[in-house]
Amino acid sequence: MELEDQWWKGQLAADIYQALRYKELKLPSFKGQSPQLNFRRYFADLIAIVSNRFQLCPAARHLAVYLLDLFMDRYDVTVQQLHMVSLSCLLLASKFEEREDRVPKLETLNSLGCMSSMNLVLTKQSLLHMELLLLETFQWNLYLPTAAHFIEYYLSIAVHEGDLHDSWPLTWLEKTKHYMAKYADYFLEVSLQDHVFLCFAPSLVAAACVAASRLVLHLSPTWPPRLQRLTGYTWDSLVSCAEKLLIAHDSDVKEANKQKCQQQQQQQQQGQAVYHNSSQSASVAQYLHRPSIQYSQQAPQQGLAPNHRPTSYLSNSTSLPALNAPPQGNAPAMTSSLDPKSNIPSRVYQVSMHYSCPAPCFDR
């Protein structure tokens, strides 16, 4: 951990960051003119599903979705062809960002359950042809920074021992860093779900993910001077993007609570049905000695609804345990049920320096 912290503070990391900031100034513009734009969420989820299956890094997943966005923006592609385009974008991105042994193989791709459900079989020739078309479209340049390329650099100083939680000093610095990373990863995945985030620079989206995480964790100051100096963004410049991220967070929290209540009601109804079907002559004492009914607190993993993002993203944020509990393992894999999703509502959302939405409590 100390060596990693020293690396982020070194000159090499700073030089790489400056090179990424310079490169993002030359990124192609996104016009949002694809006739299949309403299917974008579907194929972004498809990329995320396959990416999670092969445990690819976030940079590969984000680059794949960005390649898909740019390709859809330039070509009128049928929905059936977009399946091939999406997977080809993921393969190209993984070849660029991952080690060679981590790149998905053709045979393994064809064996995935989601492939059979889509009635899609990939061939070597078709993949090579599509990859060549993609490379020619981007002039053989895949050096395209995304928010995932900036987030780790920002997280290196996102939490400091001088920060306050609800006006109290931090006593669990390492656990707070752990939750900061979890929430930042959650908001980073939220930014993939809607093309509206393409109107912001990738470095700004990454900075907004950190700011939104600090708001939800009730850390103050919300945007300390050290983060402003490192990112080059003031709080005012982040508000618009952070608002959209927090709207999505509120929506996920409400949906998770709704699903939890529905599951508890179903369990209660099942318990009542079992009781009424039992012997009518059972005494009160006998009933009290029966094993108590255990109600699960885990929200069901359902398919993607038209207005809700995958619950696997939520598992990285709102289901975080208290900081006095041991950290949980990796989030469960995304469900393979896919539906197009409408855009995040562009309603007014007031972001003050103290975020009012309840966040996981932790000991000071």
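Numbers here simply count residues along the sequence, with the first being 1. No hydrogens, no waters, no symmetry mates; every other heavy atom, side chains included, goes into these values.
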> Taking the side chain as C-beta and beyond, is there a heavy-atom pair between Ser126 and Met84 under 4.5 Å?
Replying inline: yes
> Is there a donor-acceptor contact under 3.5 Å from the side chain of Glu98 to the main chain of Cys57?
Replying inline: yes
> Hey, any chance Val79 and Leu67 share a hydrophobic cluster, counting ILVMFWY side chains that come within less than 4.5 Å of each other, even indirectly?
Replying inline: yes
>> Tell me if the CD atom of Gln125 is crowded by more than 12 foreign heavy atoms within 6.0 Å.
In response: no
>> Testing the 3.5 Å rule here: is there a donor-acceptor pair between the side chains of Glu97 and His149?
In response: yes
> At their closest point, which heavy atom of Arg102 faces which heavy atom of Leu56, and how far apart are they?
Replying inline: O-CD2, 3.5 Å
> Are Pro58 and Ile151 side-chain neighbours, meaning at least one heavy-atom pair lies under 4.5 Å?
Replying inline: no
> Run the side chain to side chain contact (heavy atoms under 4.5 Å, CB included) check on Ser213 and Phe187 step by step: do they pass?
Replying inline: CA-CA 8 Å; Ser213 300; Phe187 284 117; 3.5 Å; yes
> Shortest non-hydrogen contact from Ala206 to Ala147?
Replying inline: CB-O, 3.6 Å
> How close do Cys241 and Leu204 get, heavy atom to heavy atom, and via which atoms?
Replying inline: CB-CD2, 3.7 Å
> Got a salt bridge between Arg61 and Glu189, using NZ or NE/NH1/NH2 to carboxylate O under 4.0 Å?
Replying inline: yes
> Any luck finding a side-chain donor-acceptor pair between Tyr17 and Tyr154 under 3.5 Å?
Replying inline: yes
> Can you check whether Pro145 reaches Ser203 side chain to side chain, under 4.5 Å on heavy atoms?
Replying inline: no
> Quick check: does any side chain N or O of Thr108 sit under 3.5 Å from a backbone N or O of Pro104, one acting as donor and the other as acceptor?
Replying inline: no
> Is Lys258 atom NZ crowded by more than 12 heavy atoms from other residues, nucleotides or ligands, each under 6.0 Å away?
Replying inline: no
>> Give me the atom names and distance for the closest heavy-atom approach of Trp223 to Thr231.
In response: CZ2-OG1, 3.4 Å
>> Can you tell me how far apart CG (Leu170) and CD (Glu161) are? Round to the nearest 0.5 Å.
In response: 9.5 Å
>> If you apply the rule side chain to side chain contact (heavy atoms under 4.5 Å, CB included), what do you find for Val85 with Leu133, and how did you get there?
In response: CA-CA 10 Å; Val85 174; Leu133 177 59; over 6 Å; no
> Is it true that atom CD of Gln33 has more than 12 heavy atoms of other residues, nucleotides or ligands lying nearer than 6.0 Å?
Replying inline: yes
> Do Gln81 and Thr78 have side-chain atoms, one donor and one acceptor, less than 3.5 Å apart?
Replying inline: yes
> Donor-acceptor pair, Ser34 side chain versus Asp73 backbone, under 3.5 Å?
Replying inline: no
> Is any side-chain heavy atom of Arg21 less than 4.5 Å from a side-chain heavy atom of Phe150?
Replying inline: yes
>> So if I apply the side-chain contact (heavy atoms from CB on, under 4.5 Å) rule between Met180 and each of Val159, Val216, Asp185, which one comes out positive?
In response: Val159
> For Ser88 and Leu127, which heavy atoms make the closest approach, and how far apart are they?
Replying inline: OG-CD2, 3.5 Å
>> Tell me the closest heavy-atom pair linking Val196 and Cys199, and the distance in Å.
In response: O-SG, 2.9 Å
> Can you find a heavy atom in the side chain of Phe71 that is under 4.5 Å from one in the side chain of Leu82?
Replying inline: no
> Do the non-hydrogen side-chain atoms of Pro28 and Tyr66 ever get within less than 4.5 Å of each other?
Replying inline: yes
> Once you round to the nearest 0.5 Å, how far does CZ of Arg214 lie from OG of Ser220?
Replying inline: 7.5 Å
>> Would a single hydrophobic cluster contain both Leu12 and Leu230, if residues Ile, Leu, Val, Met, Phe, Trp and Tyr are joined by side-chain heavy-atom contacts under 4.5 Å?
In response: yes
> Does the side chain to side chain contact (heavy atoms under 4.5 Å, CB included) test come out yes or no for Phe197 and Lys244, once each step is laid out?
Replying inline: CA-CA 9 Å; Phe197 291 99; Lys244 294 176 173 58; 3.8 Å; yes
> Is the shortest heavy-atom distance from the side chain of Trp140 to the side chain of Leu132 under 4.5 Å?
Replying inline: yes
> Listed by chain and number, what are the ring-ring contact (aromatic ring centres under 6.0 Å, His included) partners of His83, not counting sequence neighbours?
Replying inline: Tyr42, Phe43
>> Would a single hydrophobic cluster contain both Leu164 and Leu173, if residues Ile, Leu, Val, Met, Phe, Trp and Tyr are joined by side-chain heavy-atom contacts under 4.5 Å?
In response: no
> Measuring from Ser29:OG to Leu70:CG, what's the distance to the nearest 0.5 Å?
Replying inline: 8.5 Å
>> Working note: Ile16 + Tyr153, criterion side chain to side chain contact (heavy atoms under 4.5 Å, CB included); need CA distance, chi angles, decisive distance, verdict.
In response: CA-CA 10 Å; Ile16 294 175; Tyr153 189 60; over 6 Å; no
> Hey, any chance Leu106 and Leu128 share a hydrophobic cluster, counting ILVMFWY side chains that come within less than 4.5 Å of each other, even indirectly?
Replying inline: no
>> Main chain of Tyr143, side chain of Asn141: is a donor-acceptor contact present, judged purely on distance under 3.5 Å?
In response: yes
>> Once rounded to the nearest 0.5 Å, what's the spacing between atom CD of Gln267 and atom CD of Gln262?
In response: 13.0 Å
> Can you find a heavy atom in the side chain of Phe138 that is under 4.5 Å from one in the side chain of Leu92?
Replying inline: no
> Got a second to check how far His195's NE2 is from Leu37's CG, nearest 0.5 Å?
Replying inline: 4.0 Å
> When rounded to the nearest 0.5 angstrom, what distance separates OH in Tyr183 from CG in Leu155?
Replying inline: 14.5 Å
>> Under 4.0 Å between a side-chain nitrogen and a carboxylate oxygen: does that hold for Arg226 and Asp163?
In response: yes
